[in-house]
Amino acid sequence: MAVSVVAGYGPPSVEKPLGVLPVVRDYLARLDLAGTIDRLAPMRDKVNRVTHGQVIAALVANRLTSPTPLLHVETWARRWAVEEMFGMSPDALNDDRVGRALDALAPVSEQVAGSVGAAAIAAFGLDVSRFHWDMTSISLYGAYPEVDGDYATPRYGHPKDRRPDLKQVQTGLASTGDGGIPLLPRAYDGGAGEVSQVQGALRALVELAGPRRFLLVGDTKLVSYGNLTALTSTPGVTFLAPAPKTAVPARVLAAQDWATATIIEHVAARDQDKPVHQRARYRAREGTTVLRGPRKKDPPVTVRTVFVWSSANDQAAKAARALKLDRAREALDTLARAAGSHHLYRTETAVKTRLAFLTTKHRVSRYLIAQTSVDPDTGKPSLTWQFDQTVLDAEAATDGWYALLTNLPDSISPTEVLARYKGQEVSERRYGTFKGPLAVTPMFLRSNQRIHALIHVICLALLVFSLIERQARLGAGPDGKIPGLYAGRPARPTGALVLGTLSTLRLVPAQDHRPAYIPRPPHLHQHLLDILGVDPTRPP
């Protein structure tokens, strides 16, 4: 089918949304997604009009244009220009066919992700010298009493969205420091411990990177004796992660001397546009940390430690503690006045019960010194309390300080160590997209096999989303902005801005012996397509 671009618009009643479909189609072709799936999960039934790979490609496109429950994917395909861009009839995307494609993808999902990740490195020239690893939870509707143990199993856990009433599965992503491209997705059981997944991710990243050396950056879950033993013994791999309290306790942080710490010249991304006096300031000191194994014969692991002080963290800790103490003080004073006089607190037991509740609610058990008593003459209970200033001073001494553990050589300065760690925010941004624009949660599917597959579909969509953002930023002007991108003003391109801008593109289907055509895009839209290297008129 030939598609032409002409000036003017056809009748609105027959236009179809085109949006970012041409970009998704071309990027998936560069990644060879459909071909990879069809090689790993070939069709058994030769009468099917579309392959599993084609269906999964359409699902990825759906997530990037108008995320839809699987039951309504066919309706989406009829309304959008899916047939013109992907060469498949909408009725080939009925819910039964989509379900069978997910069933076929699930057993080979990790191989598909690895092959597509390798293709992304080659096709887009990605720098894989640094990866950022993190995990998140995905809440699910449904009980799922029967599950297949070969796939991520829904379980109750500690959900990030604070829905303990729902079962969950978990997802891990390893994203590149170059553009935050999620090359390694993994699906895990809802109750899987984050610490125990690091070594499996490490092995997969080593295979993906091949002979290339890389730095693995993570959060505190990266740090355990077993994980650091594996990280420090793997050739070509270095690591960087903040230390949990079990590795670097508060007393060690409190012992750091601010006055002798080296000033670090680092500007946080959030401070780029702020005046100098409003930017966060940093200082650092060097040290070492020793981690010991659970057995006496386990050799200790000694790692370099960069102690970092941040003015932003310092101010945030002081403000949070002051707010917490003020709220607790008000509640405790109210209880002290009510003890013995209010009908709810006529007994010492009632006062103690309320005191325990307030202590837990306001998280002040570490600081609180409280005593209840009963007047021998009146029988009325009373309460006296105060905050332990010694404990408060000890906690305040740690304000602003945190420790970064790494095996990077000493030739990498504390400034460079901090800059590489700060890139970890890319994981949070990607999970924000994962759960926001791509609409991952909450979800409901018939089986955990399909849940497992759909998570990988959404991760593939996130990969394309991130590649679009990276390409747009590479093609932006010298100031890193594209004119007119945000409300007619220059803006630094994000995946959401690019997709939102292109969402107004339309296609007029073939009719009355006329070929399908795309009304001539506005200048900004054409500029974006040129930056992304996409020609929407190319036949499928």
Side-chain angles (χ1 to χ4, degrees), residues 126-127 129-134 175-181 214-220 238-243 253 256-287 304-320 398-406 408-433 466 469-483 485-486 489-497:
L126 300 180
D127 178 3
S129 60
R130 186 172 84 242
F131 286 104
H132 295 270
W133 170 258
D134 199 8
S175 303
T176 62
D178 175 14
I181 311 301
F214 66 87
L215 167 68
L216 180 59
V217 185
D219 59 13
T220 56
T238 49
F239 80 92
L240 173 60
L253 295 178
Q256 302 308 310
D257 185 6
W258 181 90
T260 60
T262 303
I263 295 175
I264 291 181
E265 299 295 337
H266 175 78
V267 180
R270 64 176 180 272
D271 292 343
Q272 293 287 348
D273 297 327
K274 293 181 181 179
V276 174
H277 67 279
Q278 293 182 6
R279 295 175 178 175
R281 304 180 307 281
Y282 299 90
R283 291 179 176 243
R285 301 185 76 243
E286 291 269 12
R304 178 188 178 189
T305 306
V306 177
F307 296 96
V308 178
W309 177 85
S310 160
S311 64
N313 286 19
D314 179 64
Q315 294 168 11
K318 285 179 168 57
T398 68
D399 287 352
W401 287 101
Y402 56 92
L404 297 176
L405 306 184
T406 185
L408 287 168
D410 293 340
S411 58
I412 305 297
S413 69
T415 301
E416 294 171 298
V417 170
L418 179 62
R420 296 179 189 191
Y421 168 66
K422 286 295 185 179
Q424 181 67 4
E425 60 86 24
V426 72
S427 295
E428 298 177 5
R429 286 197 294 114
R430 292 308 176 215
Y431 279 129
T433 303
S466 305
E469 179 179 271
R470 176 180 179 271
Q471 291 302 107
R473 291 183 174 182
L474 289 175
D479 60 352
K481 298 180 179 180
I482 294 178
L485 187 60
Y486 179 73
R489 301 192 299 271
R492 187 171 187 234
T494 65
L497 277 178

Query raised in the report: Does R473 use its side chain to pair, donor to acceptor, with the backbone of P493 at less than 3.5 Å?
Result: yes
Query - Spacing of T494 atom OG1 and Y486 atom OH [to the nearest 0.5 Å] - result: 10.5 Å
**Report entry** Contacts of R470 that satisfy salt bridge (Lys or Arg N to Asp or Glu O under 4.0 Å) - sequence neighbours left out
**Finding:** D178
Report summary line: In this structure, NE2 of H266 is separated from OG of S310 (nearest 0.5 Å) by 9.0 Å
Requested in this report: List in chain and number order the residues that pass side chain to side chain donor-acceptor pair (under 3.5 Å) with S129, two or more places apart in sequence or in another chain; answer none if no residue qualifies.
Outcome: D127
Query raised in the report: Excluding sequence neighbours, so at least two apart, what forms side chain to side chain donor-acceptor pair (under 3.5 Å) with T305?
Result: T289
Requested in this report: Search all heavy atoms of A284 against all heavy atoms of P414 and return the closest pair with its distance.
Outcome: CB-CB, 3.9 Å
Query raised in the report: Got a second to check how far L408's CG is from R420's CZ, nearest 0.5 Å?
Result: 6.0 Å
Query raised in the report: Is any side-chain heavy atom of F307 less than 4.5 Å from a side-chain heavy atom of R283?
Result: no
Report summary line: Closest non-hydrogen atoms of A491 and L497, given as atom of the first, atom of the second and distance, are CB-CD1, 4.2 Å
Report summary line: salt bridge (Lys or Arg N to Asp or Glu O under 4.0 Å) filter on K274, not counting sequence neighbours, yields D271
**Report entry** Taking every non-hydrogen atom, the tightest pair across W401 and D257
**Finding:** CZ2-C, 4.2 Å
Report summary line: salt bridge (Lys or Arg N to Asp or Glu O under 4.0 Å) filter on E286, not counting sequence neighbours, yields R304
Query raised in the report: Is the side chain of E416 donor-acceptor paired with the backbone N or O of S413 at a distance under 3.5 Å, no angle test?
Result: yes
Query raised in the report: Mind checking whether Y402 and Y421 have parallel, tilted or perpendicular rings, split at 30° and 60°?
Result: tilted
Report task. For the residue pair L215 and F131, establish whether any side-chain heavy-atom pair is separated by less than 4.5 Å. Result -> no
Requested in this report: Would you please name every residue forming a side chain to side chain donor-acceptor pair (under 3.5 Å) with Q424, sequence neighbours left out?
Outcome: H132
**Report entry** Residue pair A472 / I482: nearest heavy atoms and the distance that separates them
**Finding:** O-CD1, 4.0 Å
Query raised in the report: For W258 and R285, what are the C-alpha separation, side-chain angles and deciding distance, and is it a side chain to side chain contact (heavy atoms under 4.5 Å, CB included)?
Result: CA-CA 9 Å; W258 181 90; R285 301 185 76 243; over 6 Å; no
Report summary line: Taken to the nearest 0.5 Å, the spacing of D314 CG from Y282 OH works out to 12.5 Å
Query raised in the report: Heavy-atom count around R492 CZ within 6.0 Å, excluding the residue itself: above 12?
Result: no
Requested in this report: Would you confirm whether T415, through its side chain, and I264, through its main-chain N or O, come within 3.5 Å as a donor-acceptor pair?
Outcome: no
**Report entry** Rounded distance [0.5 Å steps], CG in L418 versus CD1 in I412
**Finding:** 13.5 Å
